[in-house]
J.: 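For reference, the structure I am asking about is given below.
Numbers restart at 1 for each chain; the letters A, B, ... are given by sequence-line order, proteins then strands.
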Protein chains: 2
Amino acid sequence: MTNSMDSPPSRPKAAGKRQRLMAATARVLHEQGVERTTIADIARAADVPAGNVYYYFKTKDELVEAALSEHTKNLEALTGRLDQLPDPRERLKGLVNAWVGQRDITARYGCPTGTLAVELDKRTESGLDVAAGHAIRRLLDWVEQQYRQMGMADPEGLALTFVGAYQGMSLLSNALRDPEIMTREGARLVRELDGLA
Amino acid sequence: MTNSMDSPPSRPKAAGKRQRLMAATARVLHEQGVERTTIADIARAADVPAGNVYYYFKTKDELVEAALSEHTKNLEALTGRLDQLPDPRERLKGLVNAWVGQRDITARYGCPTGTLAVELDKRTESGLDVAAGHAIRRLLDWVEQQYRQMGMADPEGLALTFVGAYQGMSLLSNALRDPEIMTREGARLVRELDGLA
DNA sequence: GTCTATAGGGGGATAGAC
DNA sequence: GTCTATCCCCCTATAGAC
């Protein structure tokens with residue numbers, strides 16, 4: 001998971017630090033929020049000198065974009081692994097299990113993409129106010145495919161309900177600081193998947 | 001809805017402006033977010049001279065608290081009206097209808113309390129990081145009472161699912177800028193309420 | 001009670017040395 | 001490519017005139 005810095009970057013000394021910065025940004029923005037995170041915070045977390053950050057990212061908005069693409073990458077790694085499972089129903093249950101496995105982090109900081117969506121919605125000047133929506137759209141599409149392969153009617157509506165349930169339980173779990181909400185609602189989602197035609 | 005300024009305030013000239021400030025703060029914080037809203041923004045929206053705000057609220061955090069109590073007040077006015085209905089099931093359906101009626105505002109700015117909860121979670125220094133959770137807890141309790149009166153098993157779990165669905169559909173509707181998500185998911189919630197034992 | 005002016009601190013971004 | 005110093009704007013909060 002942590003980089004060993006000996007894999008040759010695309011440009012001489014650059015890519016190692018760039019990658020560290022992206023990962024650190026994703027983590028720190030999740031924990032502290034976009035508005036309350038300073039460039040110095042990110043530099044410290046990535047163990048990069050403060051002034052050097054601007055060599056890799058010209059503006060704070062570019063860092064936000066990088067964080068979003070990190071979350072997207074992580075999500076696609078997860079769905080990619082789940083795609084190995086033969087049964088679409090098991091894939092959805094695997095997704096729920098992954099969510100529940102993150103319950104402590106979610107209870108403390110919320111869903112990474114969901115909280116980012118809420119914050120970016122207010123950043124109207126940059127073009128990023130709907131950027132998180134695209135990441136969510138991808139998840140919605142993947143879930144819809146699973147329902148479709150299960151032969152369900154209205155796969156789009158089911159996906160909306162499914163992802164909505166995740167965002168809702170994440171927000172409640174975070175607002176009430178209670179990881180058990182993730183466990184309870186996760187169990188309900190699995191039960192419903194098993195009960196479907 | 002708008003104040004007529006002739007009702008005698010508790011202290012001479014004070015209460016009228018104080019009330020205007022509270023209402024304006026609730027609205028502007030919802031639209032712009034806590035971190036991106038300045039005292040000047042609030043003063044302008046309330047039509048109060050900028051420097052005068054600090055006479056009524058000593059800090060920005062007090063304004064945030066005021067906004068939260070406005071949302072709480074509005075929610076209790078709504079549940080108070082719904083309490084007039086004889087049937088708890090109809091009360092819950094009335095709540096869903098109220099939510100769907102707000103779909104355009106929700107698609108643009110999210111649920112007022114939910115987005116506030118996400119933002120306040122990051123404001124750890126002030127004691128307000130869990131304050132929005134209390135408002136949500138009240139809603140959960142009220143919903144739970146309705147399920148209890150309907151004689152349902154596990155009213156607490158049902159309330160969690162119900163309010164979670166609202167928060168989830170609000171976040172998705174906002175992230176995707178699509179009010180129809182509120183309509184679709186609202187219709188589903190009503191359908192499920194009608195289908196319950 | 002009302003309002004202006006400004007102190008004071010912080011943070012995004014840049015210039016330019018190395 | 002790396003890093004320091006710093007500019008400059010903005011925002012919270014206060015002092016104090018009216």
J.: Could you tell me how far apart A/Q32 (CD) and C/dG11 (P) are, to the nearest whole angstrom?
T.: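 It works out to 11 Å between those atoms.
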J.: Five pairs at each end of the helix from C/dG1-D/dC18 to C/dC18-D/dG1: take the axis at both ends and give me the angle between them to 10°.
T.: 10°
J.: Measure from the side-chain heavy atoms of B/Y54 and tell me the nearest of C/dC3, D/dT12, D/dC3.
T.: D/dT12
J.: In whole angstrom, give the distance that lies between atom CG of A/N52 and atom P of C/dA17.
T.: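 After rounding, the gap between these two atoms is 18 Å.
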J.: Tell me which residues in residues 35-45 of chain B lie within less than 4.0 Å of DNA chain D, going by non-hydrogen atoms.
T.: B/T37, B/T38, B/I39
J.: Taking only residues two or more places apart in sequence or in another chain, which ones pass side-chain contact (heavy atoms from CB on, under 4.5 Å) with A/A187?
T.: A/R191
J.: So, using side-chain hydrogen bond (donor to acceptor under 3.5 Å, both in side chains) as the criterion, who are the partners of B/D194 when residues are at least two apart?
T.: B/K93
J.: Is the backbone N or O of A/D178 less than 3.5 Å from a side-chain atom of A/S173, with the two atoms forming a donor-acceptor pair by type?
T.: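 Checking the backbone N and O of A/D178 against the side chain of A/S173, a donor-acceptor pair under 3.5 Å is found.
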J.: With salt bridge (charged side-chain N to carboxylate O under 4.0 Å, His left out) as the test, would you mind laying out the steps for B/D129 and A/R177 before giving the verdict?
T.: CA-CA 10 Å; B/D129 52 338; A/R177 292 278 199 280; 3.4 Å; yes
J.: Report yes if the distance between the aromatic ring centroids of B/F162 and B/W142 is under 6.0 Å, otherwise no.
T.: no
J.: May I ask you to check whether over 12 heavy atoms, not counting those of B/R138, lie within 6.0 Å of atom CZ?
T.: no
J.: Just the rounded figure in Å: distance from P of C/dG11 to CG of A/D61.
T.: 17 Å
J.: Please tabulate, one pair per line, all N/O donor-acceptor pairs under 3.5 Å involving side-chain atoms of residues 152-161 of chain B, not counting sequence neighbours.
T.:
{"residue": "B/D154", "atom": "OD1", "partner": "B/G157", "partner atom": "N", "Å": "3.0"}
{"residue": "B/E156", "atom": "OE2", "partner": "A/R184", "partner atom": "NH1", "Å": "3.2"}
{"residue": "B/T161", "atom": "OG1", "partner": "A/E185", "partner atom": "OE2", "Å": "2.7"}
{"residue": "B/T161", "atom": "OG1", "partner": "A/R188", "partner atom": "NE", "Å": "3.1"}
{"residue": "B/T161", "atom": "OG1", "partner": "B/G157", "partner atom": "O", "Å": "3.1"}

J.: Could you check how far CD of B/E125 sits from P of C/dG9, rounded to whole Å?
T.: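 Atom CD in B/E125 sits about 17 Å away from atom P in C/dG9.
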J.: Examine D/dT2: is either OP1 or OP2 under 4.0 Å from a nitrogen or oxygen in the side chain of A/Y56? Give yes or no.
T.: yes
J.: Report, as yes or no, whether the 6.0 Å neighbourhood of atom CZ on B/R89 holds more than 12 heavy atoms from other residues, nucleotides or ligands.
T.: yes
J.: Could you list the donor-acceptor pairs under 3.5 angstrom formed between side-chain atoms of residues 105-120 of chain B and any protein atom two or more places apart in sequence or on another chain?
T.:
{"residue": "B/T106", "atom": "OG1", "partner": "B/Q102", "partner atom": "O", "Å": "3.0"}
{"residue": "B/R108", "atom": "NH1", "partner": "A/D121", "partner atom": "OD1", "Å": "3.1"}
{"residue": "B/T115", "atom": "OG1", "partner": "B/C111", "partner atom": "O", "Å": "2.9"}
{"residue": "B/T115", "atom": "OG1", "partner": "B/P112", "partner atom": "O", "Å": "3.3"}
{"residue": "B/E119", "atom": "OE1", "partner": "B/V34", "partner atom": "N", "Å": "2.6"}
{"residue": "B/E119", "atom": "OE2", "partner": "B/V34", "partner atom": "N", "Å": "3.1"}
{"residue": "B/E119", "atom": "OE2", "partner": "B/E35", "partner atom": "N", "Å": "3.4"}

J.: The side chain of B/K17 lies closest to which of these nucleotides: D/dT12, C/dA13, C/dC3?
T.: C/dC3
J.: Among C/dC3, C/dG1, C/dT14, which nucleotide has an atom closest to any side-chain atom of B/Y55?
T.: C/dG1
